[in-house]
Amino acid sequence: MQHTLTDDLSRFSELLQLARDVADRELAGLADRPVAAPGRAPARAPLPEEGAGGPGALAHFAERWAPGLSGSAGPRYLGFVTGGATPASVAGDWLTAAFDQNVSGAGGSWAAELERETVTWLRELFGLGEAHSGAFVTGATASNTVGLAIGREWLGERLGVDVSQAGAAALGPVDVLSGSPHSSVAKALSVLGIGRERLQRVPLLPGNREAVDVAALESALAGLGGRPAIVVANAGTVNTVDFDDLRAIAALKERYDFWLHVDAAFGGFAALSPTYAALVAGLDAADSVCVDLHKWLNVPYDAAVQFTRRRDLQVAVFHNASPYLGLPAGEPDFLHLTPENSRRLRALPAWFSLVAYGRAGHREIVERNVALARRLGEGIDALPGLRLLAPVRLNVVCFTLAGDPSQQRVDALARAVADSGEAYLTPTVYGGVPALRAAFSNWRTTEADVRRVLDVLAAASG
């Protein structure tokens, strides 16, 4: 029998209750379900001709697809840098869908003001001043892209070229300097027409560090002969959470002409803790900043924020000229600030979590995660089959096999950990050595979870 929208609307409360029951069951068992999805996915089904209705769709999902979704929101998913979702942020996310606001513009809704309030709170959380404005985007890749797009427009301003009108080709070759850039930076340069090949790797500090050698960066800037450039600094590298000296880099602006973009996707959260805030000292001097929120803020995917000192250039890049949209005057609508015209109210889950737990609650998550990462590092150091490749500076543990760390053997170790259902780790290469990374950013993770991860690592590497 064909089910209609009217049928579902008349039973909407029942449908929401059914969905709540599924969500409640999954979240209640999250700590004990397999962290990585077991087995093969089901074969693709044909498009239904007759609708099954909301309850029918929910039943199909629970039977066919829910069992194969990973435990990525759980406490032992240590792959990539993946946060969970705080209870309040889940409630905010559900309400985001229920209210279904389009935050392109401010007309007819307070939603845009809620986003502006949330961005202001986040700016304060990360130690940025009032000169920085920002907006929500999908993730670190989008945030880096927005920041570098504004930097590209700044280059045009310095060279007498209106890039938003004439295009990136009018700039000629662009110099982009960085020590250990995230892969999303190269992707952004490709999207922006600057080109991946324009990313110049600057030598790093000695001792197998990932932080840029500031003296080498100065030498590279001096070698440009006065041409303006873009410098991408890193506040928390992927492999070892190493930090560039942001104050020293910013001081170079007194002698050299460059746009300073800081990728602080998860390292920016060091600002929340008095113990680690010094790692991001100088962040406020950046011209643009990337911070990813579905990492350490523990809000649902997808959510990140971008900040810049030059909102005027941001509007020049992203404004959408159309009579029905209006001009970007005064406080520009968000459609004039990011690549998206249509935007969901991504700020609401973050707003909920910040109101529910405050600065102190999120500081506790950061400090606990760092302590647990160090505990895992100590445990790995004590296992004869494994060895650390770098000190645990913040929330990532980078390690490999003690003997013959070939790519094949390290891949086999990763598979064994995933197949156990106890944990999930992602691979990397550090200092030319195949390795694994364990990244702590989930609010649920406890000491007991670390012990379980160590147990499976001991069994898989013994």
Side-chain angles (χ1 to χ4, degrees), residues 23-37 69-91 236 241 266-267 269-270 272-276 292-301 349 352-354 356-383 386 388 391-399 414 416-426 436-461:
D24 191 48
R25 183 170 64 248
E26 292 300 318
L27 291 173
L30 189 58
D32 297 314
R33 68 180 295 179
V35 177
L69 299 186
S70 76
S72 60
R76 294 183 307 285
Y77 190 97
L78 305 179
F80 308 101
V81 185
T82 305
T86 59
S89 71
V90 171
V241 204
F266 65 96
F269 286 88
L272 276 64
S273 170
T275 305
Y276 308 111
D292 210 341
L293 302 179
H294 51 236
K295 290 183 169 66
W296 231 343
L297 195 69
N298 278 258
V299 298
Y301 280 90
F352 259 76
S353 206
L354 291 169
Y357 313 116
R359 184 193 299 267
H362 287 281
R363 178 174 65 242
E364 189 278 331
I365 295 171
V366 168
E367 293 179 338
R368 173 161 45 89
N369 281 167
V370 174
L372 293 173
R374 292 183 173 175
R375 172 67 187 92
L376 181 67
E378 293 166 358
I380 287 172
D381 205 30
L383 290 175
L386 300 174
L388 291 175
V392 181
R393 295 190 178 92
L394 204 66
N395 64 318
V396 174
V397 185
C398 185
F399 65 98
V417 172
D419 290 346
S420 74
E422 284 290 279
Y424 186 79
L425 309 173
T426 41
L436 295 177
R437 297 167 58 259
F440 288 76
S441 51
N442 192 298
W443 71 274
R444 291 174 176 264
T445 310
T446 65
E447 179 78 27
D449 294 303
V450 173
R451 289 196 295 269
R452 289 174 67 168
V453 174
L454 282 171
D455 286 344
V456 72
L457 284 172
S461 65

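Residues: numbered from 1 along the sequence shown. Computation of the quantities below employed the complete heavy-atom set of this structure, encompassing side-chain atoms and omitting hydrogens, waters and symmetry-equivalent molecules.
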#### Entry: Verdict with supporting geometry, F266 and L394, side chain to side chain contact (heavy atoms under 4.5 Å, CB included)
CA-CA 10 Å; F266 65 96; L394 204 66; 5.6 Å; no
Can you find a pair of side-chain heavy atoms, one from [X] and one from [Y], that are under 4.5 Å apart?
X	Y	value
E367	L272	no
V397	F440	yes
V299	F352	no
T445	R76	no
I365	F269	no
R444	D449	no
V370	R374	yes

Once rounded to the nearest 0.5 Å, what's the spacing between atom [atom1] of [X] and atom [atom2] of [Y]?
X	Y	atom1	atom2	value
I380	L436	CD1	CG	8.5 Å
E364	S273	CD	OG	11.0 Å
L297	Y357	CG	OH	11.0 Å
N395	L376	CG	CG	12.0 Å

### Query
Going by distance alone, is a donor N or O of one side chain under 3.5 Å from an acceptor N or O of the other, for W296 and N369?
yes
Between S72 and T82, does any side-chain donor sit less than 3.5 Å from a side-chain acceptor? no
Heavy-atom closest contact ([X] atom, [Y] atom, distance):
X	Y	answer
L78	L425	CB-CD2, 3.8 Å
V396	A373	N-CB, 4.4 Å
A416	A460	CB-CB, 3.9 Å
G377	L388	O-CD1, 3.6 Å
R375	L454	NH1-CD1, 3.8 Å
A423	V453	CB-CG2, 4.0 Å

Across all chains, not counting sequence neighbours, the ring-ring contact (aromatic ring centres under 6.0 Å, His included) partners of Y424 are Y77
Is there a donor-acceptor pair under 3.5 Å between the side chain of [X] and the backbone N or O of [Y]?
X	Y	result
R363	P274	no
R368	W443	yes
S89	N298	yes

* Kindly determine whether V417 and E422 satisfy side chain to side chain contact (heavy atoms under 4.5 Å, CB included), including the steps that lead there. => CA-CA 7 Å; V417 172; E422 284 290 279; over 6 Å; no
